[in-house]
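All remarks here apply to the structure that follows.
The shown structure was predicted, so the numbers you read here are calculated from the model rather than taken from an experiment.
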Amino acid sequence: MSTTTINLIDSFQEFKDFKNIDRPTVISVLEEVFRSMLRKKYGTDENCDVIVNPDNGDLEIWRTRKVMEDGFSEDDDLEIELAEVSKLDSTLEVGDDYIEQITLESFGRRAILAARQTLVSKVLELEKDEIFKKYKDRVGEIVTGEVYQVWKKETLVLDDEGNELLMPKTEQIPADYFKKGDSVRAVISKVEMINANPKIIISRTAPEFLQRLFEQEVPEIFDGLITVKKIVREPGERAKVAVESYDDRIDPVGACVGMKGSRIHGIVRELKNENIDVINFTNNVSLYITRALSPAKITSIKLDDETKHASVYLKPDQVSLAIGRGGHNIKLAGKLTGYEIDVYREAGEESDEDVDLEEFSDEIDSWIIDELKAIGCDTAKSVLALTVEDLVKRTDLEEETIKEVVQILKSEFE
C-alpha cells in the first residue's frame, strides 16, 4: 500500500476521534469526498458504493457495471463488453453485473492528497459550526476556563475542551490580574461568527455574571423562591441587587447574605471585594429609593413621577454616605430605581462634608477601622481632628499605619 493511501486511512483514524462531531456526520463527509473523486475519475458515481467504517478507519469502494454484448456498450462508465469482462471473470454472461473493488491507489497520488485536504477543511468547518452552535445556546451561563495567554487588550481563555474564549480588558474587573494557567470564571456574553470563525466573548463585569454567582450560592434563587429583580454594578467597586421573595416566610435579603455573610462572602471574593448591597424590592417608589440609598438614612423624600426625579433630604452626616466614594452609591441607586436622585442637606443644619470610615473599607483594612471606632472615631473628620501622636497613644496601631490612614483620609477632602 502506498504511503499516500496509508496517509488517507490515517486521516480517517483522526476523524473518528474528532471531538464535537457525531459519527453519522463524519461518515457522510468522508463518503461525499470519495464520491467527488469517483465523479472526477469516472464521470459518475451512481453505480458505486462507498462503505466507510469509522470504528477502524476502513474504506471500501465497489463499482458495478452491466455486461453487454460486444459492440453494444454505449457508456463505458456504466457498462462493460463481454470480450473485456471475460479476461477478468470468465463466469459472467451478458446481462450480469460485473462488480469490482476500486483501490485508493488507482486514483493517483495527487487526487488522494487533494481528498485529504478537502477532508481536513470540511471537518474543521464542521468543528467551528459545532462550537458556534454549542456556545450560542449557552449565552448567559457561567463558564470556567484556564488562562492561556494574556495580551494588553484581551485575555485568551481555553475551556475544558480546548475551545478559545476571549475576555476583553473592558469585560474584566479593574483589580483582575491573570497569568497563564490561572483558572477563571466568567459569563458567556456574546457569540458570533466572524469570517467563518466562532468568536466567543466572556465577561466578568456583566450583571449576569453576578446573577449567576448568586444562583450558585443561594439555593432559594436557584429554586425560584427568590427572584433577582435587577442588578446594577460598578465592577470591582460596588453593586446593588434588588431581590423579592414569593414566600412570606423567606427573608430574601437574609437568604442572599447568609449566616454572618457566609453566602455573599464567596461572591465578594470572586468579584475582587466589590461591595454588594442586597435590598428588598418593592413597588413603593419612595421606599425603594430609600432602600437603594442604603447605608445612608433618609429623612424625607419628594418624588416627581412625570420626570422620574427624586429629591432626597438627609441629615448632614448622612449626605456623604448617600453619595458614596466616587459617587458610586448614588449613581447605582439611580440606575436601580430608574429615578434621577438629587441629595439635599436638611435645612437648618449646616455642617461640613464628612465621610463615614466604612466608606474607606477598600483602602483601609477593616481591623484598623474597628480600632479607630473603638476610640470613638467613626468618620474621616473625627480621625483628622486628632494628632498622630494622640492616635498612636490611644490605639494599638503603629505610627506608620496611622500616617498612611491619615494620608488616605486627607486625600478625600482635597
Side-chain angles (χ1 to χ4, degrees), residues 6-39 45 50-61 104 112-151 153-168 170-172 178 180-204 206 208-209 211-212 215-216:
I6 289 171
N7 240 338
L8 198 54
I9 297 288
D10 278 354
S11 38
F12 290 177
Q13 299 285 10
E14 287 165 30
F15 293 129
K16 72 178 208 314
D17 300 333
F18 258 111
K19 53 179 193 281
N20 294 337
I21 302 179
D22 57 357
R23 286 287 171 80
T25 315
V26 173
I27 292 172
S28 68
V29 167
L30 290 168
E31 196 175 313
E32 187 38 52
V33 168
F34 288 108
R35 285 196 173 277
S36 73
M37 285 167 77
L38 288 165
R39 284 195 292 275
D45 65 331
V50 179
I51 301 161
V52 179
N53 179 348
D55 292 323
N56 56 11
D58 277 355
L59 164 87
E60 291 176 13
I61 302 174
L104 270 178
I112 292 176
L113 285 175
R116 185 183 158 85
Q117 233 16 70
T118 315
L119 222 47
V120 172
S121 63
K122 277 234 165 90
V123 168
L124 279 176
E125 212 170 287
L126 278 170
E127 284 236 276
K128 287 173 180 174
D129 276 354
E130 282 301 316
I131 294 170
F132 177 73
K133 283 210 285 274
K134 174 182 163 184
Y135 273 99
K136 190 80 189 143
D137 300 337
R138 290 184 60 194
V139 170
E141 270 182 41
I142 279 191
V143 62
T144 303
E146 186 179 304
V147 174
Y148 186 69
Q149 215 165 353
V150 180
W151 298 298
K153 290 195 168 160
E154 54 191 6
T155 297
L156 177 64
V157 177
L158 300 183
D159 73 1
D160 48 12
E161 288 176 344
N163 299 318
E164 296 188 350
L165 316 171
L166 277 177
M167 182 158 56
T170 51
E171 303 298 323
Q172 296 173 30
F178 300 117
K180 189 176 162 72
D182 283 350
S183 177
V184 58
R185 279 204 288 178
V187 73
I188 300 160
S189 73
K190 197 162 140 202
V191 180
E192 47 192 1
M193 266 296 198
I194 295 178
N195 305 332
N197 284 318
K199 187 175 181 188
I200 302 150
I201 304 285
I202 57 174
S203 168
R204 287 171 53 80
E208 291 78 32
F209 184 49
Q211 171 142 7
R212 295 292 166 269
E215 285 167 9
Q216 286 183 357

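Here T170 contributes atom OG1 and Q172 contributes atom CD; the two are 8.0 Å apart, rounded to the nearest 0.5 Å. Atoms CD and CG, on E192 and N197 in that order, are 11.5 Å from each other to the nearest 0.5 Å. Of the inter-residue distances, the one linking R204 atom CZ with M167 atom CE reads 6.5 Å to the nearest 0.5 angstrom. Here L124 contributes atom CG and L119 contributes atom CG; the two are 10.5 Å apart, rounded to the nearest 0.5 Å. In this structure, the separation between NZ on K199 and CD1 on I194 is 4.5 Å, given to the nearest 0.5 Å. Separating the NZ atom in K122 from the CG atom in L126 is a distance of 9.0 Å, to the nearest 0.5 Å.
Scanning both residues, T144 and S183, for their nearest heavy atoms gives CG2-OG, 3.6 Å. Annotation for I188 and I202: closest pair CA-CG2, 4.2 Å, computed over non-hydrogen atoms. Residue A115 comes nearest to M37 through the heavy atom pair CB-SD, 3.3 Å, listed as atom of the first residue, atom of the second, then distance. Scanning both residues, F209 and V187, for their nearest heavy atoms gives CD1-N, 3.8 Å.
Between K134 and E161 there is a salt bridge, since at least one side-chain N of the basic residue sits less than 4.0 Å from a carboxylate O of the acidic one.
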Go through the steps for L38 and V50 under the test side chain to side chain contact (heavy atoms under 4.5 Å, CB included), then give the verdict. CA-CA 10 Å; L38 288 165; V50 179; 4.0 Å; yes
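Side-chain contact check for K190 versus E171: every heavy-atom pair is 4.5 Å or farther apart.
Every residue two or more places apart in sequence or in another chain that forms a side chain to side chain contact (heavy atoms under 4.5 Å, CB included) with S189 is listed here: I201, S203. Applying the side chain to side chain contact (heavy atoms under 4.5 Å, CB included) test to L156 and every residue at least two apart in sequence or in another chain returns Y148, Q149, W151, E164, L166.
Side-chain atoms of Y135 and D159 include a donor-acceptor pair closer than 3.5 Å.
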Determine all donor-acceptor pairs shorter than 3.5 Å in which one atom belongs to a side chain in residues 28-36; sequence neighbours excluded.
| from | atom 1 | to | atom 2 | distance (Å) |
| --- | --- | --- | --- | --- |
| S28 | OG | P24 | O | 3.4 |
| S28 | OG | T25 | O | 2.9 |
| E31 | OE2 | R35 | NE | 3.4 |
| E32 | OE2 | R39 | NH2 | 3.0 |
| R35 | NH1 | D45 | O | 3.0 |
| R35 | NH1 | D45 | OD2 | 3.2 |
| R35 | NH1 | C48 | O | 3.3 |
| R35 | NH2 | C48 | O | 3.1 |
| S36 | OG | V33 | O | 2.9 |

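In this structure, E125 places its CD atom where only 12 or fewer heavy-atom neighbours from other residues, nucleotides or ligands lie under 6.0 Å away. For K128, the NZ atom sits in a packed shell: over 12 heavy atoms of surrounding residues, nucleotides or ligands are nearer than 6.0 Å.
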